Amino acid sequence: MTLRAVATGIGHYLPERVVPNSEFEAQIDTSDEWIRARTGIERRHFAAEGETTSQMAIKACEAALAHAGLSAADVDGVIVATSTPDLTFPSTATMVQHGLGMTQGFAFDVQAVCAGFIYALSTANAYILSGQAKRILVIGAETFSRILDWEDRGTCVLFGDGAGAVLLCAEESAGAATDRGVLAVDLHSDGQFRDLLYVDGGVSQTQTTGHLRMEGREVFRHAVEKLAETAHAALARSGNAAQDVDWIVPHQANLRIITRTAQKMGVDMDRVIVTVQDHGNTSAASIPLALSVGVARGQIKKGDLLVTEAIGGGLAWGAVVLRW
Ligand code: COA
């Protein structure tokens, strides 16, 4: 027998305001056609004035707990993946913990930009396998609309806001590739690429919040190369092969990246969860949002083998293989 971290609840929250591509046409030199053709994005949600990352995360957690049939009193850890925290400190996770009415357990943030949820899932898995925690809320929550340069057409049309949460619970399992739960993790980062995707402000360097800057074409090139590699590595480590995969649940940045990664993995697009058309790139929130939507649509079912993969600023990238 071995311990596994099994997803027993999932939920998400999207801000009310939906912004179609056409809204950008009046402000910058772009078009709905260009954005759809180059990215697959049709619309995204933007947080309301005053609506914070922690508020969205709390709503996603409440939905995940309801889905699991558990309450916040049953949880002993909260990990929030975000690059857009409410404040420099304390952590957004402690605000979520408090918002859920918890005084027990631990809470902290993980910052790996668009790969943040993969890193948070891997961290929560390690805590569960080591016996330090039994039930952890793993959240991806972002308000990227707060760090966009509205005059930079190469970036401002790509991102959106939202939050997704998964409840991971310790369960005794057989220790086989057919177990439910997290089966394998593969993580990487390489700081030599920091100038490809970064925010030009921060506490220590500028004492400002800053704006997102990106070399889109270069990030695209790295993404296509690295995502299939990391997904393959995690899959091999899990004792499964590409033909065993029921769903790829990729980071939702660009439909062309999603399609090419699936092609490289030899997985048909009808086995890929795609939400980028409705959410844009929500950074660390994108995978839990896609998981939640995939479950709600009836695509992802108990026992399905999932591969999640993401890349973002750092560069940081990785994949998690789990059976739902
Ligand atoms: N509307 C219209 N034209 C635009 C535009 C927009 N919103 N954004 C850029 N362009 C223009 C560029 O200025 C360029 O014009 P030029 O040839 O006159 O210089 C042209 O479109 C092609 O630009 P390029 O950057 O080569 O386009 P692309 O096909 O690489 O698409 C991205 C740009 C950003 C969509 C693409 O590079 C991408 O998705 N990269 C990865 C981004 C990503 O996923 N980042 C997050 C990872 S977590």
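Whatever order the structure lists ligands and atoms in, that order sets their numbers, starting from 1. Computed from a prediction, not measured in an experiment: that's the story for all the values here.
- By the salt bridge (Lys or Arg N to Asp or Glu O under 4.0 Å) test, Arg146 is found to be paired with no residue, residues two or more places apart in sequence or in another chain being considered.
- Between Trp150 and Phe159, a ring centre-to-centre spacing not shorter than 6.0 Å is recorded.
- In this structure, Lys302 fails the cation-pi test against Trp324, since its NZ or CZ atom is not both closer than 6.0 Å to the six-membered ring centre and inside 45 degrees of the ring normal.
- Every residue meeting the ring-ring contact (aromatic ring centres under 6.0 Å, His included) condition with His222, not counting sequence neighbours, appears here in chain and number order: Phe193.
- Ordered by chain and residue number, the residues placing a heavy atom less than 4.0 Å from ligand 1 are Asp29, Thr30, Trp34, Arg38, Thr39, Cys114, Arg153, Gly154, Val157, Leu158, Met214, Gly216, Arg217, Val219, Phe220, His251, Ala253, Asn254, Arg256, Ile257, Asn281, Ile311, Gly312.
- The stretch residues 75-84 participates, sequence neighbours left out, in no salt bridge (Lys or Arg N to Asp or Glu O under 4.0 Å) pair at all.
- Taking 4.0 Å as the cut-off between side-chain N and carboxylate O, Arg323 and Asp179 do not count as a salt-bridged pair.
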